[in-house]
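Please read all numbers here as calculations on a predicted model, not as lab measurements.
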Amino acid sequence: MTYFDVRHVTSRGLGISYPLARSGRKMTARKLISAACLGTTLLTSACQTVEGLSNDLGIQQVSKDDACAEQSTALRESQGYFERSIIQGAVIGAVGGAILGGILGGGDGALAGAAVGAAAGAGGGYLAARQKESSDRTALGNTVYQDAQYETGEIVRALAAFNRVRDCRLARVATIKQQFGAGQLSREQAQGMLDVEKRRYADDIVVVKAIAGKIDERHQEFVTAVETISEDNAEASALLARAKAAEQSDWNNPDAPAVSEPASAEDMVVASTNLNVRAEPSTTSAKIGLLEGGTAALRTGPDQNGWTPIQLANGANGFVATQFLSGYEGTAPVVSAQQQGSGLSLASVTRSVSSDADTETRTVAVLYEGREKRIELDRLTQTAEQEESTAFSLDG
């Protein structure tokens, strides 16, 4: 039985502190998670018996004799987090990584206990659930921001966990091959050990793919929430549109360089209506593009007799009528569908947001920092799949 010495648990995002035990008092995983469940009316109906947790989450156990058991357990711990609803993860996740790690790895690597159940916040209901518990819009925005921060932190943790698993598996492969080369293992013995490691690595890849799928599902919940709470926030809405375009660009162009110096707010202008972009500062000059209403562009110089020189997201330079432009007070411009995939990157977009931006804008930034790591996770998974088919052979 796994025990924890805990003073209290604080629910991140809900601002509730749950006293669980006096100093020095031992608590089992069952009692600890039960306390977290019962500590909030939001999750009381969602919590169920710990005996059903492993089956409900579909998380594989880790073998006792696995040399990479610690790393593999940490990866399954991340799977446990993402299998829960967003709100459950925020509450129970506040118990702490060490506790969840003990729960998942207790003794023989089996799940000793946790809480999961009815989907408070799942299936499109995340925003509705958070709205019910928030006193006003400011409180709602702060809670969504905290949830997004926590979510991105867990994505980073999942990526790190898979990196550690991969390093351990490949180190085991190197050790086995070295022992075979030194005559310490017969070919049959060595290949048998490599086959075991290959199966375990394949299981790890299955786990990380499941994590990735859940990350994507939950991301859509967050996007829906952000779109709703920031619909009258031009700055946040502009950043969200740019982040979506940048994400698509990153997926399609994994090796494209990031924009090293994103434009500052002072360099941006936004069109109040659809504007023709002309090659020269004249109505008789050739049209080279369109700047859609509500879309921002980079101002490349001062006004020239009622015409402002600009650069579109696709790199094209031209002029638009100054009278239909306004200064852009946000930190990132919107890009139209025609302008997507033209040098944008999530790194440049998310890092263009200042620390004193409003909560909704910062929520978009932290949410898409998580998408950066999600893309990294996908690249690493592809590499692992290639290794699975080549590295685990004595002749490979």
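- Under the 4.5 angstrom side-chain criterion for Ile, Leu, Val, Met, Phe, Trp and Tyr, the cluster partners of F319 are W307.
- Between the S393 side chain and the D395 main chain, a donor and an acceptor come within less than 3.5 Å of each other.
- Summarising the geometry, atom OG1 belonging to T308 is positioned 10.5 Å from atom CD belonging to Q323; distances are rounded to the nearest 0.5 Å.
- You'll find the side chain of L140 reaches within 4.5 Å of the side chain of L127, heavy atoms only.
- Within 6.0 Å of atom CG in N305, 12 or fewer heavy atoms from other residues, nucleotides or ligands are found, so the atom counts as exposed in its surroundings.
- Looking only at side-chain heavy atoms (C-beta outward), L75 and I211 come within less than 4.5 Å of each other.
- A donor-acceptor pair under 3.5 Å is absent between the side-chain atoms of S285 and the main chain of P281, judged by distance alone.
- Taking all atoms of both residues into account, the shortest heavy-atom contact from N317 to I288 is O-CD1, 2.9 Å.
- Side-chain atoms of R371 and I215, non-hydrogen and from C-beta on, do get closer than 4.5 Å to each other.
- For E70, the CD atom counts as loosely surrounded, since its 6.0 Å shell holds 12 or fewer non-hydrogen atoms of other residues, nucleotides or ligands.
- Of all heavy-atom pairs between V349 and A246, the closest is CG2-CB, 3.8 Å.
- With 3.5 Å as the limit, one finds a donor-acceptor pair spanning the side chains of S72 and D204.
- No side-chain heavy atom of V277 sits less than 4.5 Å from a side-chain heavy atom of L290.
- Using a 4.0 Å cut-off between a side-chain N of Lys or Arg and a carboxylate O of Asp or Glu, R166 and E387 qualify as a salt bridge.
- Within the structure, the ring-ring contact (aromatic ring centres under 6.0 Å, His included) test picks out the following pairs touching residues 169-201 (sequence neighbours left out): Y201-F392.
- A donor-acceptor contact shorter than 3.5 Å is absent between the side chain of Q220 and the backbone of E217.
- Every pair passing ring-ring contact (aromatic ring centres under 6.0 Å, His included) that includes a residue from residues 213-233 is listed here, sequence neighbours excluded: Y126-F222, H219-Y368.
- Using a 4.5 Å cut-off between side-chain heavy atoms of Ile, Leu, Val, Met, Phe, Trp and Tyr, with links allowed through other members, I229 and L240 fall into the same hydrophobic cluster.
- Note that the CD1 atom of I205 and the OG1 atom of T381 stand 7.5 Å from one another [nearest 0.5 Å].
- Looking only at side-chain heavy atoms (C-beta outward), N252 and Q248 come within less than 4.5 Å of each other.
- Rounding to the nearest 0.5 angstrom, the gap separating the OG atom in S249 from the CZ atom in R242 is 10.5 Å.
- Taking hydrophobic clusters as Ile, Leu, Val, Met, Phe, Trp and Tyr residues chained together by side-chain heavy-atom distances below 4.5 Å, V196 does not share a cluster with L185.
- Residues R379 and T383 have side chains that never bring a donor and an acceptor to within less than 3.5 angstrom of each other.
- In summary, D195 and R200 do not engage in a salt bridge, as defined by a charged side-chain N under 4.0 Å from a carboxylate O.
- Pairing each heavy atom of A357 with each of E235, the nearest pair is CB-OE2, 3.9 Å.
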Practice problem: Evaluate the criterion salt bridge (Lys or Arg N to Asp or Glu O under 4.0 Å) for residue pair E227 and K244; output intermediate values, then yes/no. | Solution: CA-CA 12 Å; E227 286 176 339; K244 287 180 178 180; 2.5 Å; yes
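- Rounding to the nearest 0.5 Å places CD1 of I375 at 12.0 Å from CG of L159.
- Between P309 and Q304, the shortest heavy-atom distance links the atoms CG-NE2, 4.2 Å.
- Although no hydrogens or angles enter the test, the distance criterion places a donor-acceptor pair under 3.5 Å between the side chain of S237 and the main chain of N233.
- In this structure, the side chain of R164 does not engage the main chain of Q71 through any donor-acceptor pair within 3.5 Å.
- Looking only at side-chain heavy atoms (C-beta outward), R169 and V165 come within less than 4.5 Å of each other.
- Side-chain contact check for E369 versus V364: every heavy-atom pair is 4.5 Å or farther apart.
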Practice problem: Before giving the answer on side chain to side chain contact (heavy atoms under 4.5 Å, CB included), spell out for L394 and K177 the whole-Å C-alpha distance, their side-chain angles and the decisive distance to 0.1 Å. | Solution: CA-CA 7 Å; L394 288 175; K177 290 182 176 181; 4.2 Å; yes
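- For the residue pair D378 / Q382, a side-chain donor-acceptor distance below 3.5 Å is found, with atom types taken as modelled.
- With 3.5 Å as the limit, one finds a donor-acceptor pair spanning the side chains of T350 and E372.
- T322 contributes atom OG1, which lies 6.0 Å from atom CG of L325 (distance to the nearest 0.5 angstrom).
- What you find for A212 and L377 is that their closest heavy atoms are CB-CD2, 4.4 Å.
- The distance from the OG1 atom of T143 to the CD atom of Q131 is 11.5 Å, given to the nearest 0.5 Å.
- Between D232 and R137 there is a salt bridge, with a side-chain nitrogen of the basic residue lying less than 4.0 Å from a carboxylate oxygen of the acidic one.
- With a 6.0 Å cutoff to the six-membered ring centre and a 45° limit on the axis angle, R218 does not count as a cation-pi contact of F82.
- Contact annotation: the side chain of L194 approaches that of Q191 to within less than 4.5 Å [non-hydrogen atoms, C-beta and beyond].
- Just one residue in the list T152, D250, D216 forms a side-chain hydrogen bond (donor to acceptor under 3.5 Å, both in side chains) with R374, and that residue is D216.
- There is a side-chain donor-acceptor pair under 3.5 Å between Y145 and Q149.
- Between I155 and G370, the shortest heavy-atom contact is CG2-O, 3.7 Å.
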Quiz item: Passes side chain to side chain contact (heavy atoms under 4.5 Å, CB included), Y81 versus R76? Steps please.
Solution: CA-CA 9 Å; Y81 171 84; R76 284 151 179 78; over 6 Å; no
